[in-house]
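Everything on this sheet refers to the single structure shown next.
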Amino acid sequence: MAKMRKKSDLPQKTCLTCGRPFTWRKKWEKVWDEVRYCSDRCRGARRGDGTAPRRD
């Protein structure tokens with residue numbers, strides 16, 4: 001069985017849309033090098049100005 005890791009030990013990236021840090025997820029295991037956005041919302045809202053729509 002694989003050894004458990006602390007969330008703080010996982011790799012991190014910064015979202016290109018909202019600028020927030022996000023950590024590695026198991027579902028991104030094979031495509032981690034290609035992941036650029038923290039969520040579907042940010043991926044859909046990708047704009048040149050680097051801001052995401054507000055959640056009001």
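Separating the CZ atom in R25 from the CH2 atom in W32 is a distance of 9.0 Å, to the nearest 0.5 Å.
With sequence neighbours excluded, no residue forms a salt bridge (Lys or Arg N to Asp or Glu O under 4.0 Å) with E34. When the side-chain hydrogen bond (donor to acceptor under 3.5 Å, both in side chains) test is applied to K30, no partner is found at least two apart in sequence or on another chain. The side-chain contact (heavy atoms from CB on, under 4.5 Å) test applied to R36 returns L16, not counting sequence neighbours. Not counting sequence neighbours, the partners of Q12 by the side-chain contact (heavy atoms from CB on, under 4.5 Å) test are P21, T23. Considering only residues two or more places apart in sequence or on other chains, K6 meets the side-chain contact (heavy atoms from CB on, under 4.5 Å) condition with S8, D9. Under the salt bridge (Lys or Arg N to Asp or Glu O under 4.0 Å) criterion, K27 pairs with no residue, sequence neighbours left out.
Pairing each heavy atom of V35 with each of F22, the nearest pair is CG1-CE1, 3.7 Å.
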